[in-house]
Amino acid sequence: GQSLEQPSEVTAVEGAIVQINCTYQTSGFYGLSWYQQHDGGAPTFLSYNALDGLEETGRFSSFLSRSDSYGYLLLQELQMKDSASYFCARHYNQGGKLIFGQGTELSVKP
Amino acid sequence: DTGVSQNPRHKITKRGQNVTFRCDPISEHNRLYWYRQTLGQGPEFLTYFQNEAQLEKSRLLSDRFSAERPKGSFSTLEIQRTEQGDSAMYLCASSRDRGLETQYFGPGTRLLVL
């Protein structure tokens with residue numbers, strides 16, 4: 001009852017907008033976070049949603065619908081440096097572990 | 001705020017040897033987490049501490065793995081009698097202890113078991 005589903009890869013061009021979807025199973029859900037990870041690097045926190053709606057942080061926004069068990073990460077004005085893996089992660093309980101999806105590899109083309 | 005640090009960054013060992021990794025969390029963070037990540041997968045939770053207390057340990061974690069945080073600051077993760085399947089990136093993260101707090105990750109220790 002903990003798994004998350006996200007697409008394995010997405011390709012887009014510089015300057016475009018891309019949406020990475022994430023669906024999750026509902027038991028013990030406390031919130032959804034998004035992380036970026038470049039090859040060989042550490043996961044870097046991007047955004048977090050505990051309640052329904054849109055959270056905006058610069059070029060990145062994240063959306064959550066608890067009734068649909070669904071969230072997405074929106075990346076605007078794509079840059080080459082945005083090529084990385086993006087993970088959604090659910091908070092399983094307050095202050096405890098994160099359960100990660102398998103990640104979406106984003107390739108940004110010129 | 002110097003971020004989460006981990007040592008060593010890389011470790012190559014032979015099967016059957018013991019290895020120990022260290023994590024230093026962000027100084028004001030009371031919670032410390034260990035995750036393991038293999039190629040093409042998301043990080044997988046191993047265990048976490050609130051101060052010096054180990055509050056949860058994954059059922060997937062073999063008894064060859066042990067973690068400590070004796071003074072509620074740095075933590076160590078030890079793997080005894082390593083196996084080739086233990087080869088992975090071992091990530092440490094820390095967070096404050098007020099409700100749902102962002103977890104900040106260190107650079108990881110990449111382990112290769114030959």
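Every chain is numbered from 1 and lettered A, B, ... according to where its sequence line falls, protein lines coming before strand lines.
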- Hey, does A:Cys22 have a side-chain heavy atom less than 4.5 Å from the side chain of A:Leu32? yes
- Item | Part of A:Gln37 lying under 4.5 Å from any heavy atom of chain B | side chain
- Note on the structure: If you tally heavy-atom pairs under 4.5 Å between each of B:Glu44, B:Met89, B:Gln37 and chain A, the highest tally belongs to B:Gln37
- Do the side-chain N and O atoms of B:Tyr33 and B:Ser95 include a donor-acceptor pair separated by under 3.5 angstrom? yes
- Note on the structure: Answer key: most heavy-atom pairs under 4.5 Å with chain A among B:Pro43, B:Ala93, B:Gly108, B:Pro107 is B:Pro43
- Message: So that I know where these two stand, are A:Phe45 and B:Phe105 an aromatic pair - ring centroids less than 6.0 Å apart?
- Response: no
- Message: Using heavy-atom distances under 4.5 Å, tell me whether B:Gln41 contacts chain A through its side chain, its backbone, both, or neither.
- Response: both
- Message: Would you say the rings of A:Tyr35 and A:Phe87 are close, in the sense that their centroids are separated by under 6.0 Å?
- Response: no
- Do A:Phe29 and A:His91 have their ring centres less than 6.0 Å from each other? no
- Item | Region of B:Leu91 that comes under 4.5 Å of a non-hydrogen atom in chain A | side chain
